Amino acid sequence: MIVVAGEALIDLVAAGKAPDGDPAGDLPALLPRRGGGPYNTAVALGRLGTPAAFCSRVSTDGFGEALLAGLRAAGVDTSLVQRGPEPTTLAVADIGADGSAGYGFYAQGTADRLFELPGPLPGPARALCLGTCSLVLEPGASAYEALLRREAERGVFTLLDPNVRPGLIPDADAYRARFRSWLPYVSVLKLSAEDARWLGGSPEEWLAAGPAAVVVTHGGEGLAVHTRSGERIAVPAPRVAVTDTIGAGDTVNAALLHRLAALPGALDGPARLDGPAWRDALSFAARAAALTCTRAGAEPPYAAELSS
């Protein structure tokens with residue numbers, strides 16, 4: 001089982017022109033979609049057929065119920081989900097001409113940021129994936145950080161995707177220092193080229209701090225892995241008609257974990273993976289993310305769509 005820990009929220013995505021009768025005439029209709037980086041990763045794992053569990057705190061409101069329904073429909077275990085009466089976090093997505101998404105967040109007093117450190121993870125848990133807003137918004141951020149450290153210290157494979165949202169980070173330098181403090185507890189660091197520029201540093205510096213590999217996504221140009229042995233292995237991204245990029249990076253997380261979990265010993269010692277194994281995992285992740293980009297909102301593919 002792979003455990004994904006972090007926020008579940010609702011993305012509000014423009015669904016078209018302003019509704020009839022709108023006196024301003026310039027306010028588009030907003031369509032609610034299930035989202036949140038960790039949530040999307042858990043759903044993607046379930047759709048790929050990898051046993052997965054979601055660890056978070058989800059509201060008891062209508063949005064929260066819809067989020068849980070989405071997890072269950074994907075076959076994701078929800079036994080680690082905490083519940084609370086606070087509202088669900090909302091993220092308003094602004095889609096650019098190239099399909100890229102920016103976000104504005106409504107997260108004050110919401111359920112997911114009140115996450116508390118859970119007890120031991122289930123016995124079958126082989127890996128833990130964390131990232132995004134959950135590692136920024138207190139008091140939950142400290143609980144997720146404690147979960148990362150605890151599980152890494154007992155030998156669980158960890159994947160970290162910071163998925164930086166600058167608008168939520170009041171002190172950029174403090175966050176960058178905190179990010180560096182996580183690296184000794186990370187097996188694989190995955191981040192976008194944009195996040196890498198914002199965080200500063202380089203794959204070589206981050207590898208020296210702890211991770212066995214650093215995977216960097218480059219949007220339509222593909223993705224690459226940097227390893228402790230000094231290798232850099234890159235694969236191109238398939239050319240597709242992009243609707244939007246919501247959930248693409250989260251799909252990469254899931255696809256990498258799915259492929260690595262199928263390789264004997266990969267989650268026990270990712271530093272031992274050779275070039276062909278990494279190329280296979282990266283190529284699979286690139287195809288999965290490309291399919292996600294052809295759909296509105298975070299709609300990762302099912303295993304059958306990637307079987308050819």
Side-chain angles (χ1 to χ4, degrees), residues 1-8 34-56 58 67-68 70-82 115 117-132 134-135 144-145 147-163 182 185-191 211-213 215 225 247-271 273 277-278 280-282 284-285 288-289 292 298 300-303 306:
M1 174 182 286
I2 294 173
V3 177
V4 185
E7 78 279 355
R34 302 174 182 91
Y39 179 89
N40 296 336
T41 297
V43 169
L45 279 167
R47 290 184 177 185
L48 291 173
T50 295
F54 188 57
C55 182
S56 184
V58 174
L67 288 163
L68 283 182
L71 291 167
R72 292 176 183 134
V76 177
D77 185 327
T78 59
S79 61
L80 294 173
V81 174
Q82 304 164 19
F115 172 79
L117 179 65
L121 297 183
R126 299 179 61 203
L128 173 68
C129 178
L130 303 97
T132 320
S134 55
L135 286 167
Y144 285 113
E145 181 178 318
L147 178 62
L148 168 65
R149 294 172 186 267
R150 186 188 77 188
E151 296 305 312
E153 286 173 350
R154 72 182 192 92
V156 172
F157 176 100
T158 57
L159 185 147
L160 174 68
D161 175 12
N163 201 5
W182 297 329
Y185 304 93
V186 174
S187 304
V188 171
L189 172 66
K190 175 264 172 181
L191 72 174
V215 175
V225 63
D250 313 323
T251 300
V252 168
N253 296 338
L256 287 173
L257 287 167
H258 171 79
R259 210 64 163 184
L260 293 178
L263 295 173
L267 296 186
D268 300 318
L273 290 178
W278 273 118
D280 172 77
L282 294 176
F284 182 79
T292 300
Y302 291 85
L306 296 164

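FYI, the numbering just counts along the sequence from 1. Just so you know, these numbers come straight off a predicted model, no measurement behind them.
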Legend entry - Side-chain donor or acceptor of Lys190 paired with backbone N/O of Gly249 under 3.5 Å: yes
Inset, instruction - Test Asn40 against Thr251 for side chain to side chain contact (heavy atoms under 4.5 Å, CB included), laying out the working first. - result: CA-CA 7 Å; Asn40 296 336; Thr251 300; over 6 Å; no
Legend entry - Closest non-hydrogen atom pair, Ala8 against Val58: CB-CG2, 4.3 Å
Legend entry - Spatial distance of atom CG (Leu117) from atom CZ (Arg150) [nearest 0.5 Å]: 5.0 Å
Legend entry - Gap separating the CG atom of Leu121 from the SG atom of Cys55, nearest 0.5 angstrom: 6.5 Å
Legend entry - Smallest separation among heavy atoms of Ala289 and Ala248, with atom names: CB-O, 3.7 Å
Legend entry - From Asp268 atom CG to Leu263 atom CG, the distance as rounded to the nearest 0.5 Å: 11.5 Å
Inset, instruction - Considering non-hydrogen atoms only, spot the tightest contact between Leu306 and Pro301 and give its length. - result: CD1-CG, 3.9 Å
Inset, instruction - Please check if the side chain of Arg47 supplies one atom and the backbone of Pro300 the other of a donor-acceptor pair under 3.5 Å. - result: yes
Legend entry - Aromatic ring pairing Tyr144/Phe115, orientation class (parallel under 30°, perpendicular over 60°, tilted between): parallel
Inset, instruction - Measure across Leu80 and Ala53 and return the closest heavy-atom pair with its distance rounded to 0.1 Å. - result: CD1-CB, 4.3 Å
Legend entry - Minimum-distance pair of heavy atoms, taken over all atoms of Phe54 and Ala42: CD1-CB, 3.9 Å
Inset, instruction - I would like to know whether Thr158 and Arg149 meet side chain to side chain contact (heavy atoms under 4.5 Å, CB included); could you show each step before the answer? - result: CA-CA 10 Å; Thr158 57; Arg149 294 172 186 267; over 6 Å; no
Inset, instruction - May I ask you to test the Leu159-Leu128 pair for a side-chain heavy-atom distance under 4.5 Å? - result: no
Inset, instruction - Please test Leu257 against Cys129 for side chain to side chain contact (heavy atoms under 4.5 Å, CB included), starting from the C-alpha separation and ending with a verdict. - result: CA-CA 9 Å; Leu257 287 167; Cys129 178; 3.9 Å; yes
Inset, instruction - Nearest 0.5 Å please: distance from the OG1 atom of Thr41 over to the CG atom of Leu130. - result: 10.5 Å
Legend entry - Student check: side-chain heavy atoms of Leu273 and Leu260 closer than 4.5 Å: yes
Legend entry - Nearest heavy-atom neighbours spanning Pro162 and Leu189: CD-CD1, 3.9 Å
Inset, instruction - Sequence neighbours left out, what passes side-chain contact (heavy atoms from CB on, under 4.5 Å) with Ala213? Give chain and number order. - result: Val188, Val225, Trp278
Legend entry - With sequence neighbours excluded, residues passing side-chain contact (heavy atoms from CB on, under 4.5 Å) with Thr132: Glu7, Pro38, Asn163, Arg165
Legend entry - Chi angles and distances behind the side chain to side chain contact (heavy atoms under 4.5 Å, CB included) call for Ile2, Arg126: CA-CA 6 Å; Ile2 294 173; Arg126 299 179 61 203; 5.5 Å; no
Legend entry - Backbone of Ala288 reached by a side-chain donor or acceptor of Thr292 within 3.5 Å: yes
Legend entry - Side-chain heavy atoms of Leu135 within contact of Trp182, under 4.5 Å: yes
